[in-house]
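One structure follows; several queries about it will come next.
Below, each value reflects all heavy atoms present in this structure, side chains not excepted, and no hydrogens, waters or symmetry copies.
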Amino acid sequence: FNTHFDHRGKEARRQSAALLRHMVDSLAAGLPVLVTGDFNFGPDDAAYYTMGSSNYKVGLTDSYTPGTLPYTDCGFEVSNQHCSRIDYIWYSNQWQQQGYKVHTNNNGTYYPSDHLPVSAVFKLVK
């Protein structure tokens with residue numbers, strides 16, 4: 001699954017997380033699941049807790065790894081100090097995570113996008 005949540009409405013993001021979780025349960029219960037996207041919420045937001053909630057058939061885990069770069073959204077300027085983590089890769093328990101990275105390629109002044117790409121490596125185990 002891939003998504004892009006609203007960037008302005010907190011309630012829209014909360015409802016989008018609930019809808020996405022419902023769709024994952026409806027379409028992929030019992031199957032290996034990866035959910036990626038620009039969620040436009042931080043790890044302290046109610047929508048984040050919905051994504052990781054155990055109230056659904058398919059459990060999802062945030063692939064962020066402590067000790068790695070803690071942000072994905074900095075605008076285009078490399079010197080920007082107002083960064084946040086709003087891009088995620090969530091995975092179900094059929095996967096074993098083996099790596100996580102936020103890519104910071106730039107020309108010294110600008111990033112190629114206002115979001116830094118996130119990648120993760122998984123091994124199918126179930």
Side-chain angles (χ1 to χ4, degrees):
F1 294 82
N2 184 265
T3 192
H4 188 171
F5 284 10
D6 187 80
H7 70 289
R8 291 188 180 166
K10 188 171 188 158
E11 179 64 15
R13 289 189 296 274
R14 191 181 69 75
Q15 293 290 337
S16 293
L19 178 60
L20 178 57
R21 290 309 314 269
H22 173 73
M23 294 305 296
V24 168
D25 277 2
S26 297
L27 297 172
L31 297 173
V33 175
L34 295 171
V35 181
T36 65
D38 174 356
F39 289 83
N40 277 310
F41 57 66
D44 58 345
D45 194 277
Y48 178 91
Y49 294 104
T50 299
M51 289 301 299
S53 173
S54 61
N55 294 333
Y56 296 90
K57 294 176 195 171
V58 178
L60 294 176
T61 302
D62 177 3
S63 64
Y64 172 74
T65 303
T68 60
L69 198 63
Y71 54 83
T72 62
D73 175 41
C74 275
F76 287 95
E77 295 182 7
V78 172
S79 62
N80 187 3
Q81 300 297 309
H82 303 286
C83 302
S84 57
R85 184 162 69 95
I86 62 173
D87 303 283
Y88 300 90
I89 301 171
W90 299 85
Y91 63 97
S92 64
N93 67 359
Q94 292 91 343
W95 299 103
Q96 179 184 60
Q97 184 177 343
Q98 298 185 321
Y100 174 88
K101 184 174 181 177
V102 177
H103 301 268
T104 59
N105 302 24
N106 64 77
N107 67 3
T109 305
Y110 297 106
Y111 295 115
S113 173
D114 58 334
H115 292 255
L116 301 174
V118 178
S119 65
V121 176
F122 299 95
K123 177 181 178 182
L124 192 58
V125 292
K126 293 182 184 177

Gap separating the OG1 atom of T50 from the CZ atom of F41, nearest 0.5 angstrom: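 If I round to the nearest 0.5 Å, the distance is 8.0 Å.
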State whether the side chain of R85 and the backbone N or O of G42 hold a donor-acceptor pair below 3.5 Å, judged by distance alone.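 It does not hold such a pair.
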Test W95 against L124 for side-chain contact (heavy atoms from CB on, under 4.5 Å), laying out the working first. CA-CA 5 Å; W95 299 103; L124 192 58; 3.8 Å; yes
Separation between CG of N55 and CZ of R21, rounded to the nearest 0.5 Å: 9.0 Å
Check: H115 main-chain N/O paired with S113 side-chain donor or acceptor under 3.5 Å: yes
So, the side chain of S53 versus the backbone of Y49: is there a donor-acceptor pair under 3.5 Å, distance only? no
Looking at G52, is its backbone amide N or carbonyl O close enough to the side chain of S54 to form a donor-acceptor pair, meaning the two atoms are under 3.5 Å apart? no
Nearest heavy-atom pair of A12 and D6: which atoms, and what distance?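 Residues A12 and D6, closest heavy atoms: CB-CB, 4.0 Å.
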Checking S63 side chain against I89 main chain: does a donor-acceptor pair fall under 3.5 Å? yes
Measure the OG1-CG distance between T61 and N93 for me, rounded to the nearest 0.5 Å.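 If I round to the nearest 0.5 Å, the distance is 7.5 Å.
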Are V33 and M23 joined in one hydrophobic group, where the rule is that I, L, V, M, F, W and Y side chains link up if heavy atoms are under 4.5 Å apart?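 Shared cluster, yes.
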Student check: side-chain heavy atoms of M51 and L20 closer than 4.5 Å: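 The answer is yes, as the side chains (C-beta and beyond) meet within the 4.5 Å cut-off.
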Can you list the steps and then say if V78 with T109 is a side-chain contact (heavy atoms from CB on, under 4.5 Å)? CA-CA 5 Å; V78 172; T109 305; 5.7 Å; no
When Y56, Y64, Y48 are each screened for ring-ring contact (aromatic ring centres under 6.0 Å, His included) with W90, the one that passes is Y48
Answer yes if I86 and V118 sit in the same cluster of Ile, Leu, Val, Met, Phe, Trp and Tyr residues linked by side chain heavy atoms under 4.5 Å apart, and no otherwise. no
Give a yes or no on whether the backbone of Q94 and the side-chain of Q96 come within a donor-acceptor separation of less than 3.5 Å.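 Answer holds: no.
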Using 0.5 Å steps for rounding, measure from the OG atom of S92 to the NZ atom of K57.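 Reported value, rounded in 0.5 Å steps: 14.5 Å.
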Greater than 12 external heavy atoms within 6.0 Å of Y110's OH: no
Intermediate values then yes/no, side-chain contact (heavy atoms from CB on, under 4.5 Å), L69 and Y71: CA-CA 6 Å; L69 198 63; Y71 54 83; 3.5 Å; yes
Identify the heavy atoms of S119 and H103 that sit nearest to each other, and give their distance.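 The answer is OG-NE2, 2.7 Å.
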First locate atom OG of S16, then atom CD of E11, and finally report the distance between them rounded to the nearest 0.5 Å.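 Nearest 0.5 Å value for the OG-CD distance: 9.5 Å.
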In terms of hydrophobic clustering (I, L, V, M, F, W, Y; side-chain heavy atoms under 4.5 Å; direct or indirect links), are L60 and L27 co-clustered?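 The answer is yes; both residues are in one hydrophobic cluster.
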Which heavy atom of P112 sits nearest a heavy atom of F76, and at what distance?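 Taking P112 first and F76 second, the nearest heavy atoms are O-CE2, 3.9 Å.
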Gap between atom CG of D87 and atom CG of D73 - 0.5 Å precision: 6.5 Å
Give the minimum heavy-atom separation between T68 and T65, together with the two atoms involved.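 Residues T68 and T65, closest heavy atoms: OG1-O, 2.5 Å.
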Are V58 and L19 connected in a single hydrophobic cluster, I mean Ile/Leu/Val/Met/Phe/Trp/Tyr linked by side-chain heavy atoms less than 4.5 Å apart? yes
Exercise: do N40 and H7 side chains pair donor with acceptor under 3.5 Å: no
Which atom of Y91 lies closest to which atom of Q97, heavy atoms considered: CE2-OE1, 3.2 Å
State, yes or no, whether a side-chain contact exists between Y88 and T72 at a heavy-atom distance under 4.5 Å. no
Do any pairs count as a disulfide (SG to SG under 2.5 Å) and have a residue in residues 48-77, sequence neighbours left out, and if so which ones?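 Listed once each, the pairs are C74-C83.
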